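Note that the coordinates shown come from a computational prediction; the quantities given were computed from them, not determined experimentally.
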Amino acid sequence: MEEIKEQYNPFDKMTFTYDKCFLCGASLTDENRSDEHIYPKWLQKMFNLWDKKLVLLNGTDISYKDLKIPCCKSCNGQMSMMFENPIKSAVSAGFDNFHSLDKNLLFLWLNKMSYGMLFKELSLDVSRSEPEKGKIYSPEFLKEHQMQYMFLQTILTNATYAGKPYSMLVFKIDPCDIENYWAH
């Protein structure tokens with residue numbers, strides 16, 4: 001008889017640490033550790049974001065390249081196969097290919113980035129000069145995103161959901177608009 005593994009739920013004991021995989025909860029070691037870039041490296045390079053800054057909830061900024069969360073190699077590989085590689089290929093092939101992607105994959109990908117940002121802000125001080133003020137985001141606030149995390153669990157369980165738990169609009173923009181945005 002196959003043993004049923006209990007699904008990891010970091011909200012049970014509020015275990016949001018960098019010594020466990022953010023997705024499956026595996027203890028991280030030198031052998032299985034893999035940093036997950038919240039915004040994938042290919043995306044950062046394609047859109048010249050690597051050294052660009054993103055403004056955090058506390059008003060400070062951080063380079064896109066520094067936005068990483070703890071992940072095991074197994075989960076990182078699973079995410080690459082499931083949605084990173086197909087999305088990268090579709091983006092590289094143009095808007096029509098991107099637009100024809102399975103919207104559930106896009107939902108998971110966007111959800112991973114959104115949840116990843118909140119997870120990252122759990123580890124960053126509100127004020128570097130006053131660390132006693134706490135972190136930008138608290139585990140208690142993250143608990144409000146428990147359903148978002150449960151959707152991420154479908155990466156590991158092959159679970160599906162009835163209907164679509166999201167709304168999604170996809171727009172085509174002119175690449176010149178992006179260049180003009182970064183020029184300001």
query: Could you go step by step and tell me if Phe98 and Leu106 meet the side chain to side chain contact (heavy atoms under 4.5 Å, CB included) rule?
result: CA-CA 9 Å; Phe98 179 78; Leu106 286 175; 3.6 Å; yes
field: Contact check, side chains of Glu84 and Trp42, non-hydrogen atoms, under 4.5 Å
entry: yes
field: Audit row: Leu110, Met113, side chain to side chain contact (heavy atoms under 4.5 Å, CB included) steps and yes/no
entry: CA-CA 5 Å; Leu110 295 169; Met113 290 188 284; 3.7 Å; yes
field: Common cluster, Tyr39/Val55, ILVMFWY with side-chain heavy-atom separation under 4.5 Å
entry: no
task: Answer yes if Leu67 and Trp50 sit in the same cluster of Ile, Leu, Val, Met, Phe, Trp and Tyr residues linked by side chain heavy atoms under 4.5 Å apart, and no otherwise.
output: no
message: Is it the case that over 12 heavy atoms from other parts of the model lie below 6.0 angstrom from the CE atom of Met168?
response: yes
- prompt: Going by distance alone, is a donor N or O of one side chain under 3.5 Å from an acceptor N or O of the other, for Tyr149 and Asn9?
  reply: no
query: Tell me, do Trp109 and Pro40 make a side-chain contact under 4.5 Å, heavy atoms counted?
result: yes
message: With rounding to the nearest 0.5 angstrom, report the OG to CG distance, Ser138 to Leu118.
response: 10.5 Å
field: Approximate separation, where rounding is to 0.5 Å, of Met117 CE and Ile62 CD1
entry: 7.0 Å
message: Would His145 and Ser114 count as a side chain to side chain contact (heavy atoms under 4.5 Å, CB included) here? Give the steps.
response: CA-CA 10 Å; His145 298 270; Ser114 172; 5.9 Å; no
- prompt: Is any side-chain heavy atom of Cys24 less than 4.5 Å from a side-chain heavy atom of Cys72?
  reply: yes
query: Would you say Asp125's side chain and Lys133's backbone share a donor-acceptor pair under 3.5 angstrom?
result: no
message: Just by distance, no angles: are the side chains of Thr29 and Asn32 close enough, under 3.5 Å, to form a donor-acceptor pair?
response: yes
message: Within the structure provided, determine whether Leu122 and Phe141 are in side-chain contact (heavy-atom separation under 4.5 Å).
response: no
Test side chain to side chain contact (heavy atoms under 4.5 Å, CB included) applied to Tyr166 and Asn104, step by step: CA-CA 9 Å; Tyr166 56 84; Asn104 289 330; 2.7 Å; yes
task: Taking the side chain as every heavy atom from C-beta outward, state whether His37 and Tyr64 have any atom pair closer than 4.5 Å.
output: no
- prompt: Counting only heavy atoms not in Lys65, do more than 12 fall under 6.0 Å of its NZ?
  reply: yes
message: Around atom NZ of Lys103, are there more than 12 heavy atoms from other residues, nucleotides or ligands closer than 6.0 Å?
response: yes
- request: For residues Phe119 and Tyr137, establish whether the separation of their ring centroids is below 6.0 Å.
  value: no
field: CD1-CE distance between Ile155 and Met81, expressed to the nearest 0.5 angstrom
entry: 11.5 Å
Pairwise side-chain contact, Leu28 with Cys21, heavy-atom cut-off 4.5 Å (strictly under): yes
task: Can you measure from CD (Gln44) to NZ (Lys52) and round to the nearest 0.5 angstrom?
output: 12.0 Å
query: CG of Leu57 to CD1 of Ile136: how many Å apart, nearest 0.5 Å?
result: 6.5 Å
- prompt: Mind checking whether Ser27 and Lys20 have side chains closer than 4.5 Å, heavy atoms only?
  reply: yes
statement: One should read off an interatomic distance between Ser167 OG and Phe107 CZ, to the nearest 0.5 angstrom, of 10.5 Å
field: Validation row: Glu36, Leu23 side chains within 4.5 angstrom (heavy atoms)
entry: no
field: Residue from Tyr115, Phe11, Phe22 passing ring pair (Phe, Tyr, Trp, His ring centres under 6.0 Å) with Phe16
entry: Phe11
